[in-house]
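First the structure, in the form of structure tokens, and then the observations on it.
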Amino acid sequence: PNPHASSLRRHASKTIAVIIPEIANNYFTLVIDGIESVVQEKGYHVMIYLTHEDVNREIAFARTLHNGRVDGALISVSGTSNEFTHFRELQAKGLPMVFFDRVVEDFDTIKVTTDDFESAYLATRHLIESGCKRIAHLGISKHLSIGKKRLNGYLKALADHNISLDENLMVDCVNDNVKDVELIRQLFIQHKPDGIFASVERYAIITYEVCRTLKLSIPDDVKVIGFSNLQTAALLNPSLSTITQPAFDMGKEAVTMLLKALEKKN
């Protein structure tokens with residue numbers, strides 16, 4: 001049977017949109033694997049939209065979904081998004097949506113997340129217990145819920161262990177590799193942290209690169225921990241300490257909840 005003709009007859013496309021900020025981060029690769037493991041059994045197709053952390057792309061993608069090309073959407077918002085009218089308009093049209101990882105907190109829909117606050121707290125505490133006194137936070141956008149929660153977990157761990165906050169050690173990265181390398185390089189040159197908490201995988205990898213160029217030894221001169229799902233993290237020299245999210249399971253859970261919403265709608 002022609003799937004397009006069938007979908008027109010049923011008023012359903014049997015297609016799900018997945019809007020994500022990037023594909024290079026291993027977390028999102030595993031999420032997509034989790035989504036695919038479910039949708040194939042249910043006869044759905046996946047259409048992936050990459051925003052590349054650009055809110056204008058995200059808005060454009062949201063507008064393309066107004067035409068009924070998909071039955072529902074799984075969304076992880078871009079780091080430059082701070083206003084979500086485009087998603088509210090989709091919701092008003094009745095498109096079922098599930099947010100995962102990078103969610104809109106005040107959006108009335110299903111959200112699938114890990115405990116970012118607790119994870120950041122434990123990561124920072126681990127550095128403190130390993131002897132670090134000057135722990136830097138390499139932060140993702142404060143517009144994002146994960147950015148706020150991971151920062152707050154870091155701050156709470158410092159406060160609970162009577163380590164005074166040095167705002168010079170809080171670096172707002174900008175999602176541009178060249179600029180982020182320079183930001184982190186200047187952090188080491190000017191403020192000499194002995195611990196790094198990287199709120200996303202990319203910043204931990206950049207830290208390794210910067211330490212190599214500055215002839216700083218990990219973990220002797222500086223200790224590093226970060227969120228990462230890299231299978232090769234153990235192969236880095238030295239191996240990277242990580243907070244690993246259950247990305248595959250989060251993908252499965254998000255799409256399972258979306259499919260339930262679709263069944264309820266139908």
Side-chain angles (χ1 to χ4, degrees), residues 24-27 30 101-102 113-142 144-175 177 180-247 249-250:
N25 186 324
N26 204 49
Y27 168 82
L30 292 170
D101 191 46
R102 301 177 177 199
T113 66
T114 48
D115 192 335
D116 292 292
F117 176 90
E118 180 72 6
S119 298
Y121 181 92
L122 293 174
T124 307
R125 189 180 74 181
H126 176 71
L127 290 173
I128 294 168
E129 291 173 348
S130 298
C132 297
K133 302 293 185 187
R134 293 183 54 74
I135 300 169
H137 174 269
L138 306 182
I140 194 172
S141 170
K142 292 176 184 174
L144 295 173
S145 61
I146 61 169
K148 296 174 187 173
K149 290 179 179 179
R150 292 175 187 183
L151 173 61
N152 288 336
Y154 159 83
L155 295 173
K156 183 69 163 59
L158 293 184
D160 285 355
H161 293 82
N162 300 314
I163 296 177
S164 57
L165 174 64
D166 183 347
E167 293 191 0
N168 292 316
L169 298 176
M170 296 168 58
V171 178
D172 294 327
C173 296
V174 296
N175 199 48
N177 263 26
D180 287 338
V181 165
E182 186 57 24
L183 282 171
I184 295 170
R185 194 175 78 87
Q186 289 302 319
L187 167 71
F188 278 106
I189 292 171
Q190 297 178 18
H191 305 293
K192 298 179 171 48
D194 59 4
I196 295 287
F197 167 48
S199 64
V200 293
E201 182 178 281
R202 184 188 307 110
Y203 307 154
I205 302 304
I206 291 175
T207 298
Y208 270 64
E209 295 172 3
V210 170
C211 286
R212 187 176 67 249
T213 61
L214 295 177
K215 304 293 192 291
L216 292 172
S217 170
I218 303 172
D220 298 328
D221 298 321
V222 60
K223 295 174 173 59
V224 183
I225 190 167
F227 280 81
S228 176
N229 286 79
L230 270 178
Q231 291 180 326
T232 55
L235 304 179
L236 294 173
N237 185 23
S239 58
L240 173 63
S241 298
T242 63
I243 306 105
T244 302
Q245 295 172 279
D249 291 334
M250 289 177 74

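For the single chain, residues carry numbers from 1 onward in sequence order.
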Apply the test side-chain contact (heavy atoms from CB on, under 4.5 Å) to residues Lys149 and Leu144: give CA-CA distance (whole Å), side-chain angles for both, the deciding distance (0.1 Å), then the verdict. CA-CA 9 Å; Lys149 290 179 179 179; Leu144 295 173; over 6 Å; no
Distance col, row Glu182:CD vs Asn177:CG, nearest 0.5 angstrom, shows 13.0 Å
Rounded at 0.5 Å granularity, tell me how far CG in Leu240 sits from OG in Ser228. 5.5 Å
Would you find a donor on one side and an acceptor on the other, under 3.5 Å apart, between the side chain of Ser239 and the backbone of Leu236? no
Mind running side-chain contact (heavy atoms from CB on, under 4.5 Å) on Ile140 and Ile146 for me, showing each step along the way? CA-CA 8 Å; Ile140 194 172; Ile146 61 169; 4.3 Å; yes
State whether the side chain of Thr244 and the backbone N or O of Asn229 hold a donor-acceptor pair below 3.5 Å, judged by distance alone. no
Residue list, ring pair (Phe, Tyr, Trp, His ring centres under 6.0 Å) with Tyr203, at least two apart or on another chain: none
Can you tell which of Leu138, Ile196, Asp180 makes a side-chain contact (heavy atoms from CB on, under 4.5 Å) with Val171? Leu138
If you apply the rule side-chain contact (heavy atoms from CB on, under 4.5 Å), what do you find for Asp101 with Gln245, and how did you get there? CA-CA 10 Å; Asp101 191 46; Gln245 295 172 279; 3.1 Å; yes
Smallest separation among heavy atoms of Val224 and Ser241, with atom names: O-CB, 3.8 Å
To the nearest 0.5 angstrom, please state how far the CG atom of Asn152 sits from the CG atom of Asp116. 11.0 Å
Nearest 0.5 Å, what's the CD1-CD1 distance between Ile184 and Ile206? 5.0 Å
Taking the side chain from Tyr208 and the backbone from Pro238, do they hold a donor-acceptor pair closer than 3.5 Å? yes
Output every pair passing salt bridge (Lys or Arg N to Asp or Glu O under 4.0 Å) with a member in residues 207-228, not counting sequence neighbours, ordered by first then second residue. none
Between CD on residue Glu201 and OH on residue Tyr27, distance to nearest 0.5 Å: 12.0 Å
Non-hydrogen side-chain atoms of Leu187 and Pro193 separated by less than 4.5 Å: yes
For Thr242 and Phe227, what are the C-alpha separation, side-chain angles and deciding distance, and is it a side-chain contact (heavy atoms from CB on, under 4.5 Å)? CA-CA 5 Å; Thr242 63; Phe227 280 81; over 6 Å; no
Roughly how far apart are Leu216 CG and Thr207 OG1, rounded to 0.5 Å? 10.5 Å
Considering only heavy atoms from C-beta outward, does the side chain of Pro246 approach that of Thr114 to under 4.5 Å? yes
Is it true that a side-chain atom of Arg150 and a backbone atom of Ser199 form a donor plus acceptor pair closer than 3.5 Å? yes
Does anything in residues 188-198 form a side chain to side chain donor-acceptor pair (under 3.5 Å)? List the pairs, not counting sequence neighbours. Gln186-Gln190
Would you mind writing out the side-chain donor-acceptor pairs for residues 124-132 within the sub-3.5 Å range, not counting sequence neighbours?
from   : atom 1 : to     : atom 2 : distance (Å)
Thr124 : OG1    : Ala120 : O      : 2.9
Ser130 : OG     : His126 : O      : 2.8

Are the side chains of Phe197 and Ile243 in contact, using a 4.5 Å heavy-atom criterion? yes
Which pairs with one or both residues in residues 164-174 pass salt bridge (Lys or Arg N to Asp or Glu O under 4.0 Å), sequence neighbours excluded? Arg134-Asp166, Lys142-Asp172
Can you list every pair that meets ring pair (Phe, Tyr, Trp, His ring centres under 6.0 Å) and has a residue in residues 147-168, with sequence neighbours left out? His137-Tyr154
Would you indicate whether the side-chain heavy atoms of Leu214 and Phe188 approach each other to under 4.5 Å? yes
